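Notes follow once the structure below has been shown.
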Amino acid sequence: MKLDEFLSYYHAEYISSRSNAKVVALGKLSDKKYRDRESVFLADGVKLAGEAVNYAHPEYLILAESALDTAAAQKTAEQYKAAGIPIYVFSDPAFDKISAEQSPDGIIAALAYMTGLHTFTMRGDISKFDDWQKGRRLLMLDSIRDPGNLGTILRSAEAMGITGVILSGCADIYNRKTIRAAMGTLFRMPLFIVNAEDSIPLIRQMRKFERRVLAAALGEHTLTLGGYDVRIDDCPVIGNEGHGLSQNVIDACTACVRIPMAGNTESLNAASAAVCILWESYRVFY
């Protein structure tokens with residue numbers, strides 16, 4: 001489809017210059033401070049842009065001029081046109097300025113922050129935690145700082161039947177590495193996001209409701225994965241990639257859980273440990 005035909009059919013706007021105000025503004029979204037100020041983030045690729053129509057809040061769709069003839073671009077444009085969401089076509093140099101992908105497919109969605117939408121993302125207000133946690137299968141992540149690890153764990157958590165994740169002092173969920181690794185889970189998974197100092201109060205609140213909170217660590221009361229009765233309302237706690245959980249967090253938990261391992265390996269990385277622990281619960285209850 002020729003550019004003029006595409007613009008007419010999809011009621012799209014064309015932007016050619018890399019110095020255009022919208023291109024410059026979108027380029028600044030790589031900076032967390034600017035993302036937070038604008039409450040907008042970018043999701044790269046046909047899969048994420050397509051899922052965003054159903055599960056997130058797209059502001060508009062951006063297509064690279066060279067991608068207009070591809071089936072992926074036209075399918076995505078149809079979705080956005082049907083939903084009444086604006087579409088922009090950027091020249092390839094303008095698109096390259098905002099793309100984070102080495103081999104982009106020419107599709108980026110600009111999305112509004114998800115707080116208050118159906119994802120039930122909560123930030124900071126621990127007074128609302130009691131109501132938020134009710135009936136959920138939970139996972140708690142404490143000081144996971146690598147965006148890729150965070151996204152991978154969120155994706156695995158959804159696959160293992162988790163219906164709510166607590167993020168305490170973790171990486172930014174709107175970092176593009178997080179978004180890419182989560183592969184759409186970020187649009188669907190309810191999150192409760194707090195600062196690191198709120199970890200212990202939240203653990204105490206979970207225990208107050210007789211939820212068993214299990215630290216992925218070694219401690220005085222250590223259970224071995226596969227050797228104890230898993231409960232559907234258990235909440236595992238996974239710690240920082242390099243330092244694990246602090247002793248204060250471990251002491252606040254009900255017990256610790258260890259993953260038996262062969263050889264001389266002392267520990268698994270955070271994402272692998274999370275999958276092992278969550279699989280045991282999935283195996284029992286699904």
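Note that the numbering runs from 1 along the sequence shown for the chain. Remember, it's a predicted structure, so these values are computed and weren't measured experimentally.
With sequence neighbours excluded, the residues forming a ring pair (Phe, Tyr, Trp, His ring centres under 6.0 Å) with Phe6 are Tyr10, listed by chain and number. Residues passing the side chain to side chain donor-acceptor pair (under 3.5 Å) test with Ser17 are Ser19, sequence neighbours excluded. Scored by the ring pair (Phe, Tyr, Trp, His ring centres under 6.0 Å) test, Tyr14 finds no partners at all (sequence neighbours excluded). By the salt bridge (Lys or Arg N to Asp or Glu O under 4.0 Å) test, Asp92 pairs with no residue at all, sequence neighbours left out. For Phe209, the ring pair (Phe, Tyr, Trp, His ring centres under 6.0 Å) test picks out no residue, with sequence neighbours left out. Take Lys33 and apply the salt bridge (Lys or Arg N to Asp or Glu O under 4.0 Å) test, not counting sequence neighbours, and it matches no residue. Take Asp131 and apply the salt bridge (Lys or Arg N to Asp or Glu O under 4.0 Å) test, not counting sequence neighbours, and it matches Lys134. Asn248 meets the side-chain contact (heavy atoms from CB on, under 4.5 Å) test with Ile200, Ser246; sequence neighbours excluded.
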Identify every side-chain donor-acceptor pair in residues 148-155 under 3.5 Å, counting partners at least two apart or on other chains, and give the distances.
unit_1, atom_1, unit_2, atom_2, d
Asn149, ND2, Glu241, OE2, 3.3
Thr152, OG1, Gly148, O, 2.9

Show me the side-chain donor-acceptor pairs of residues 38-46 shorter than 3.5 Å, one per line, residues at least two apart or across chains.
unit_1, atom_1, unit_2, atom_2, d
Asp44, OD1, Arg176, NE, 2.9
Asp44, OD1, Arg176, NH2, 3.0
Asp44, OD2, Arg176, NH2, 2.8

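Between the side chains of Thr224 and Arg258, at least one donor N or O sits under 3.5 Å from an acceptor N or O.
Taking Ile, Leu, Val, Met, Phe, Trp and Tyr as hydrophobic and joining them when side-chain heavy atoms fall under 4.5 Å apart, one finds Val275 isolated, its cluster having no other members.
Within the structure, salt bridge (charged side-chain N to carboxylate O under 4.0 Å, His left out) contacts touching residues 51-79 (residues at least two apart or in different chains) are Lys47-Glu51, Glu51-Arg188.
Looking at Leu268, Ile259, Val230 one by one, the single match for side-chain contact (heavy atoms from CB on, under 4.5 Å) with Ile277 turns out to be Ile259.
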